[in-house]
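Quick caveat: nothing in here was measured; it's all calculated off a predicted structure. Labels below follow one simple rule: chain letters A, B, ... track the order of the sequence lines, proteins then strands, and each chain is numbered from 1.
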2 protein chains.
Amino acid sequence: MDSGKDTSQRILDAAECLFVEHGFAGTSMRQITSAAAVNISAVNYYFGSKDGLFQAVFERRAEPFALLSIAKLNALQLAKPACSAVDIAQAFMGAALEMGRQPEHGGLVFVKLLARSYVEPHPRLKEKLPLRYGELTQRYLAAMRLALPHLSDMEVAWRFQFMSSTMFNAFAGNNVMRLFMTQPIVNARDPHKVAEMLLPFIAAGLNSPAAELVTPSTTEV
Amino acid sequence: MDSGKDTSQRILDAAECLFVEHGFAGTSMRQITSAAAVNISAVNYYFGSKDGLFQAVFERRAEPFALLSIAKLNALQLAKPACSAVDIAQAFMGAALEMGRQPEHGGLVFVKLLARSYVEPHPRLKEKLPLRYGELTQRYLAAMRLALPHLSDMEVAWRFQFMSSTMFNAFAGNNVMRLFMTQPIVNARDPHKVAEMLLPFIAAGLNSPAAELVTPSTTEV
DNA sequence: GTCTATATTCCGATAGAC
DNA sequence: GTCTATCGGAATATAGAC
């Protein structure tokens, strides 16, 4: 029998793919259990509800990805205490790439789920995510502040935001081209090639001079 | 009576907001008609179906936005035939900003709808959008190729893609911070301030040197 | 743990009175 | 054009046999 995986894991795998493709509201439990070839009531047995299933789908990958991202930064700062913004960007991208290289961690599916959650955050994420990713964000922001002393803390945060949205969307394959053109001319099949295209853009963007503020007041909350 | 707008327009307005906030599948016709304070059967009367309503919501803004974007580029190329990549980026951003300035065009709501469609394209968009936005994309790509002669056509397309995803997400207020941190430190309330933050990042990214290809083969389809 | 059967609610869509 | 009423189906969730 090739279906050696147990029921709950098959549900998680199927749900992960379907949530990425059609979103939470756009995916029914019947689709999930049908794709996983399990009985429909198994979802409630293992996860309590559809909401609970989503949470489980996310939590399975969240911790490994956070740990991986922080480990990449730790390794970088150990090897090169005065690291540049480009080094930091590469560490961040490296975490996504390494995740994509590990089939046991779902490959790039979780990065795609992150890209989607970015636009359409599930209610339960708003409670749990800050606690789990707060440290990651703080660590990367602190590193970037050191590497970009010519920028204010606020502008560093903006650039981290720009870097993240560009990266996540690129790895997730969310192309304007795919949407706007009959014949797409960019393709995100190989994540390493995407990373090669990304790097000069992001590196130059991070290191660019501070914004010339036309409006004098702050952009902060 | 302050509800001077007619029924179909009130439906469009309510649906536009709800689709942006909860997505197509996550929004029911009952939510829409309730928010619009109209009878539920009015949707079918005016738009035939929920799908038809989505298409109408999109098409109301699609043409004005496309025309505005192209007009910005026309004006730029007339005033400055040898325009730079930064000029082009500003023209593109200018279209979104001007759309945001016009309440009769829904302000920034359509940009947010674009940002969402980017991740979760409605089936009907895949047919209609390339025809409507194909010219826009081709025009901007052609202008960028002239302004960035050191890049291959393919790499220019990638950078247009990076620029678009960063812009749309920034204007739509899709922040990693909002998702990852308890206390968000960036805020996208004023689109002009967002644009000020965006410009140096995107300008430097567009003008950065070509990627060093480690893998020799092409990234094209 | 896995299944069938079912409860209950909500969905989009339509028919027909006015 | 706008309303009420309702249809048929699909959604999540649960109860209970095995």
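Along DNA chain D, the nucleotide closest to A/G48 and the one closest to A/Q31 are compared, and the more 5′ of them pairs with A/Q31.
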Solution key, residues 58-66 of chain B side-chain donor-acceptor pairs under 3.5 Å, sequence neighbours excluded:
unit_1	atom_1	unit_2	atom_2	d
B/R60	NH1	B/D13	OD1	2.9
B/R60	NH2	B/D13	OD1	3.0
B/R60	NH2	B/E16	OE1	3.3
B/R61	NE	B/E16	OE2	2.7
B/R61	NE	B/H105	O	3.4
B/R61	NH1	B/E104	O	3.3
B/R61	NH1	B/H105	O	3.4
B/R61	NH2	B/E16	OE1	2.9
B/E63	OE1	B/R132	NH1	2.3

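Contact footprint of chain A on DNA chain C: nucleotides with an atom under 4.0 Å from a non-hydrogen protein atom, first to last in 5' to 3' order, C/dG1 to C/dT4.
If you check D/dA15, D/dA11, D/dA13 against the side chain of A/S28, the one that comes closest is D/dA11.
Considering all non-hydrogen atoms of both residues, A/A211 and B/M197 come closest at CB-CE, 4.0 Å.
Ring centers of A/F47 and A/F54: at least 6.0 Å apart, outside the cut-off.
The stretch residues 85-98 of chain B participates, sequence neighbours left out, in these salt bridge (charged side-chain N to carboxylate O under 4.0 Å, His left out) pairs: B/K72-B/E98, B/K80-B/D87.
In terms of the salt bridge (charged side-chain N to carboxylate O under 4.0 Å, His left out) criterion, B/E21 has no residue partners (sequence neighbours excluded). Partners of B/L108 according to the side-chain contact (heavy atoms from CB on, under 4.5 Å) rule, which considers only residues two or more places apart in sequence or in another chain, are B/V111, B/P191.
Between the CG atom of A/L18 and the C1' atom of D/dA11 there is a distance of 16 Å, rounded to whole Å. Distance CG (A/D51) to P (D/dA11): 16 Å, rounded to an integer number of Å.
Taking the C1' atoms of five terminal pairs at each end of the helix from C/dG1-D/dC18 to C/dC18-D/dG1, the two resulting helix axes are inclined by 0°, rounded to 10°.
Ring geometry for B/H122 against B/F24 counts as perpendicular: the plane angle is over 60°, on a 0 to 90° scale with 30° as the lower cut. A/F201 and B/F201 have perpendicular rings, their planes meeting at more than 60° on a 0 to 90° scale where under 30° would count as parallel.
A/T7 comes within 4.0 angstrom of the backbone, heavy atoms only, and of no base. In this structure, A/T33 reaches neither bases nor backbone, as no heavy-atom distance under 4.0 Å exists between it and the strands shown. Looking at heavy-atom distances under 4.0 Å, A/S49 makes contact with sugar-phosphate atoms alone, never a base.
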